[in-house]
Every structure is written in C-alpha cells, then in structure tokens.
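Here is the structure we will look at, set down as structure tokens.
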Amino acid sequence: MKLLYFAWVRQKTGRGEETVPLPAGCSNLRDLASRLAVRSAGYADAFGDLRRLRAAINQEHADWDALIGEDDEIAFFPPVTGG
Amino acid sequence: MKLLYFAWVRQKTGRGEETVPLPAGCSNLRDLASRLAVRSAGYADAFGDLRRLRAAINQEHADWDALIGEDDEIAFFPPVTGG
Amino acid sequence: MKTRIAIQCEPFDAAAEIAGLSDGAGAVATFTGFVRREGDLATLRLEHYPGMTEREIARHIGEAQARWPLLAATVVHRVGSLKPGEPIVFVGTAALHRREAFAACEFLMDYLKTRAPFWKEETRAGVTRWVDAKATDDHAAARWKQ
Amino acid sequence: MKTRIAIQCEPFDAAAEIAGLSDGAGAVATFTGFVRREGDLATLRLEHYPGMTEREIARHIGEAQARWPLLAATVVHRVGSLKPGEPIVFVGTAALHRREAFAACEFLMDYLKTRAPFWKEETRAGVTRWVDAKATDDHAAARWKQ
C-alpha cells in the first residue's frame with residue numbers, strides 16, 4: 001500500500017511517501033496508525049495522538065474505523081487549514 | 001421649489017426639471033402631486049396613480065404624507081430598478 | 001473605513017477594485033451584475049438621480065458598517081447604454097473574516113436594488129420600454145429589517 | 001455547468017476570472033482571501049495533497065450545483081510561499097440571480113476551509129510553525145448540513 005504524509009506528519013516521519021505491505025491483522029486506519037506509531041520516535045510523535053490527526057483513503061476523507069486494503073493510497077495529515 | 005422628474009415621469013411631463021412656487025394650500029407630497037396631475041394630459045398620466053410613483057424630498061426617499069416647503073428639491077420617479 | 005462610490009459610463013476593472021479593497025484585509029467579497037443575454041434584448045439604458053444616488057449609497061454603506069466590522073466598501077454602478085453581457089454593477093466589501101464580508105456585500109446589493117435611484121430602460125426588437133421593479137427585490141431588502 | 005479548478009503558485013487575475021464566469025449570467029459572486037498583514041508575520045507557505053485537492057473541490061462544486069442552479073464555478077487556490085497582503089484564494093460562482101450566487105460562493109469557501117487538503121505554515125520572527133485549524137471554520141461548514 002502507498003502511504004502519504006503531509007505537513008507536520010511528513011516532518012515527523014521524515015518522508016513524504018512510502019510503499020509498505022499491509023501489516024498482518026491490520027484491517028482499518030486505526031490499526032495501521034498504531035502499527036506505524038511503534039516504528040520510531042518520529043513516527044510515535046506523528047501517530048501517538050489520533051485526535052490531532054486526519055486521514056484519507058484513495059483521496060477521500062476517512063474515519064479511523066474505515067477499512068483498508070493492499071491497493072489503497074492512504075494519507076495522514078493534520079486538520080486542514082486552507083482558504 | 002425645484003421639481004425633478006426621472007424615467008417615464010420625465011417622458012410624460014416632457015421635462016427633467018422645473019422651478020415652481022409652492023402652490024397655496026399644498027402642505028405635503030400628495031397635495032403637490034394632485035396639483036401637478038391637473039396641469040396637462042401628460043402630467044395627468046404621470047401623476048394619476050400614486051401607487052406607481054415614488055418621491056424624494058431633498059434627495060431622500062419620502063412618503064406621500066411628508067411635508068414640503070418652498071426651498072425643497074422634490075423628485076418624482078418610478079420604483080427604482082438599478083443593480 | 002475606506003469607501004469608494006462611483007457612478008460612471010465606463011466599464012470597471014474588478015481586479016483593481018478588489019486590490020483596492022484588500023489592504024490588510026483577510027476577506028474580500030464581491031458581487032458583479034451583468035446585463036443578461038436574453039433572446040431579443042438589444043440595449044439596456046440606465047438613468048439615475050445624480051446627487052441622491054451617491055447619498056443613498058453612502059448611507060447604506062454607513063448602515064452596513066454599523067452592522068458589521070467592515071474595513072472597506074466599494075460600489076461602482078454604470079449608467080448610460082449597455083449591451084447584453086456587459087458588467088453593470090460592482091459591490092465589494094472587505095473585512096477580517098469572510099462571514100462579515102459576505103453579509104455586508106449581499107446587504108448592499110439588496111439595498112442598491114430597492115433604494116438607489118437608478119432606472120433601466122430596455123430595447124427589444126426596436127421597442128423601448130422602462131423595466132418594472134421586482135417584488136422579489138423588495139422582499140430581499142426587507143429581510144435585513146427583521 | 002462550467003467549472004474551473006486551479007492549484008497554482010502564481011497570482012490570479014480576478015477580473016479575468018469574473019469575466020470567465022459571467023457568460024450570460026446575471027450574477028457573479030466572488031470571494032478573495034488574502035494573507036493577513038499581521039505584526040510579525042513574514043511568510044506563509046502552503047502545501048497541499050495533489051490529486052485529492054482537485055477531487056475534493058470538484059466534489060464540493062458538485063454539491064453546490066445540486067443545491068443551487070449555478071451556471072459556473074471557479075476555485076483558484078495558491079500554494080507555495082506567500083507574503084502578507086498577497087491573494088491566496090479565489091472562489092467565484094455565477095447564477096441567474098444573486099441570492100444563489102452568494103449562497104454557493106459562501107458554501108464553497110466554508111468547505112474549502114474545512115475539507116480541502118491544504119496546510120499553512122507561517123514564519124514569524126524567524127520561527128516557522130504549522131497553523132492550527134480553527135473551530136469556527138468547522139462551525140461555518142456545519143451550518144450547511146442543517
């Protein structure tokens with residue numbers, strides 16, 4: 001699956017995107033975020049508090065309960081501040 | 001007093017403005033309009049039906065009951081259609 | 001507050017008007033009215049009451065300013081002969097926040113339609129007639145009194 | 001309906017955008033947002049999610065179109081580095097009547113603020129930080145759901 005990071009999520013993870021296999025037993029966005037949170041101090045900082053974070057699946061806003069699959073493009077980012 | 005006519009009021013009276021003495025016994029806009037209405041067929045056409053007409057005293061919208069004086073600038077016109 | 005009122009025959013430059021409104025403002029809302037392209041409409045001619053027009057518009061800008069924290073307001077209204085598709089009126093408002101800018105812009109347009117002394121005369125298929133006022137415009141303006 | 005969505009670093013020409021929206025329309029409402037001139041704000045930098053941004057905006061234009069009889073809608077959003085006073089966003093809507101144009105323009109702005117994937121980073125006195133989302137923007141967008 002393709003993972004994208006924006007704004008401070010990108011800065012904390014140290015990368016804008018990466019391609020990873022769907023972790024085993026990981027069915028929704030919340031599962032995925034908790035797996036990412038243990039990868040490093042930077043990832044822990046980015047994914048430690050989901051209340052500060054938002055996500056999209058295949059370029060559409062999604063809740064933490066949303067189901068994910070191997071072919072999805074998944075993005076993590078802070079609440080948006082455009083306009 | 002100075003009288004101004006706009007849009008079809010101007011066309012029916014045949015003039016854009018005129019200066020006339022305040023007619024005796026004429027205290028408000030309704031009185032004035034009824035005096036003007038008897039001046040000619042054109043004026044009768046313009047002032048015959050006050051529901052179709054609006055007026056201003058000294059460049060401010062005014063009701064037919066509004067009092068008028070010798071030094072006033074009085075304008076008669078149809079409902080406005082700008083914008 | 002910065003106020004600009006112009007009654008003119010010439011077209012206006014909306015970009016320049018917006019730039020003039022924006023100084024330090026976060027939010028500029030505008031409305032531009034155009035002569036509709038309708039089947040047989042050939043020409044629209046606008047007449048106004050010089051002096052009263054500017055006073056009425058200034059008064060309504062003052063009312064808008066009393067209701068919302070505006071930084072600037074601009075009203076440009078064209079008079080004379082216009083063709084279908086041509087811009088006829090521009091209203092722009094600037095505020096720190098968009099909510100106030102939108103509300104004031106809509107308020108000014110509603111009052112311009114019902115209180116500013118302009119009259120439209122249209123020519124269709126060689127026949128010229130004065131345009132009647134619309135009841136919907138009165139209703140639009142009345143809602144600000146509630 | 002004519003739709004234009006542009007995400008760009010360059011400034012935009014509001015007059016050209018309005019002219020592009022107006023074809024046959026009686027009413028064009030616009031909103032232009034500017035980087036505020038605040039005491040120590042030196043630079044604002046905008047980042048976005050290419051692909052999703054355009055999709056989200058197109059989706060909201062579709063929603064606006066389902067609610068109001070729109071003739072055209074334009075959204076231009078700048079990204080990259082901007083200075084205080086510079087225009088950052090333009091939203092324009094065209095309809096036969098002003099009420100619909102205003103409502104749709106405000107609707108699009110509210111959704112742009114809360115749903116379109118843009119992020120602002122500001123630099124003040126040499127310190128760079130990400131701008132937090134505002135609860136007032138969520139409230140503004142929520143009122144369209146009532």
Side-chain angles (χ1 to χ4, degrees), chain A residues 1-20 28-30 32-33 36-37 41-83, chain D residues 5 7-8 31-36 44-60 62 75-80 82 87-91 105-122 128-138 140-141:
Chain A
M1 63 199 329
K2 187 175 174 187
L3 303 182
L4 300 174
Y5 309 119
F6 293 98
W8 54 251
V9 183
R10 176 177 46 73
Q11 291 175 325
K12 289 177 197 292
T13 62
R15 67 197 70 186
E17 66 175 87
E18 60 186 323
T19 301
V20 299
N28 64 24
L29 281 175
R30 185 179 288 105
L32 177 61
L36 291 169
Y43 277 77
D45 194 13
F47 293 95
D49 181 0
L50 295 191
R51 289 170 305 180
R52 302 167 61 214
L53 211 59
R54 299 290 180 273
I57 301 175
N58 299 325
Q59 307 192 346
E60 287 191 21
H61 291 285
D63 294 331
W64 294 114
D65 295 327
L67 300 179
I68 57 176
E70 188 66 57
D71 297 330
D72 288 338
E73 172 179 306
I74 295 177
F76 295 100
F77 44 78
V80 306
T81 54
Chain D
I5 298 169
I7 315 298
Q8 60 189 45
F31 178 85
T32 309
F34 294 83
V35 182
R36 297 222 181 112
L44 196 67
R45 200 183 61 78
L46 274 117
E47 169 173 333
H48 79 121
Y49 181 173
M52 179 170 170
T53 313
E54 293 82 352
R55 284 176 61 147
E56 270 294 310
I57 294 172
R59 207 161 61 78
H60 291 127
V75 172
V76 183
H77 204 301
R78 292 176 72 190
V79 290
L82 299 171
I88 175 171
V89 61
F90 176 91
V91 173
C105 189
E106 207 166 350
F107 170 91
L108 286 175
M109 266 312 297
D110 285 348
Y111 274 81
L112 209 54
K113 286 265 182 190
T114 55
R115 304 287 289 179
F118 291 97
W119 300 276
K120 285 180 184 146
E121 190 187 52
E122 56 181 33
T128 296
R129 52 176 285 278
W130 292 96
V131 175
D132 285 330
K134 280 192 288 185
T136 52
D137 286 327
D138 285 331

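In what follows, chains carry the letters A, B, and so on, assigned in the order in which the sequence lines appear, proteins first and then strands, with residues in each chain numbered from 1.
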Which heavy atom of [X] sits nearest to which heavy atom of [Y], and what is that distance?
{"X": "D/Ala133", "Y": "A/Val80", "result": "CB-O, 3.7 Å"}
{"X": "A/Ala75", "Y": "D/Tyr49", "result": "CB-CE1, 3.3 Å"}
{"X": "D/Met52", "Y": "A/Ala56", "result": "SD-CB, 3.6 Å"}

- Message: Is it the case that atom CG in A/Asp49 sees more than 12 heavy atoms from other parts of the structure closer than 6.0 Å?
- Response: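 Yes.
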- Task: Determine whether more than 12 heavy atoms belonging to other residues, nucleotides or ligands lie under 6.0 Å from atom CG of D/Asp138.
- Result: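 Correct, the count exceeds 12.
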- Going by the angle between their ring planes, with limits at 30° and 60°, are A/Phe6 and D/Trp119 parallel, tilted or perpendicular?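 Answer is parallel, since the angle falls under 30°.
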- Item | Part of D/Asp132 lying under 4.5 Å from any heavy atom of chain A |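 The backbone, not the side chain.
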- Item | Toward chain A, the part of D/Arg129 with a non-hydrogen atom under 4.5 Å |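 No part of D/Arg129 comes within 4.5 Å of chain A.
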By a 4.5 Å heavy-atom criterion (distance strictly below it), what part of [X] contacts chain D: side chain, backbone, both, or neither?
{"X": "A/Ala7", "answer": "both"}
{"X": "A/Glu60", "answer": "both"}
{"X": "A/Arg10", "answer": "side chain"}

- Message: Can you tell me how far apart CD (A/Gln59) and CZ (D/Arg59) are? Round to the nearest 0.5 Å.
- Response: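 Between atom CD of A/Gln59 and atom CZ of D/Arg59 there are 12.0 Å.
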- Item | For A/Thr81, the option from D/Glu121, D/Lys113, D/Glu122, D/Lys120 that meets side chain to side chain contact (heavy atoms under 4.5 Å, CB included) |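 Among the candidates, only D/Lys120 passes.
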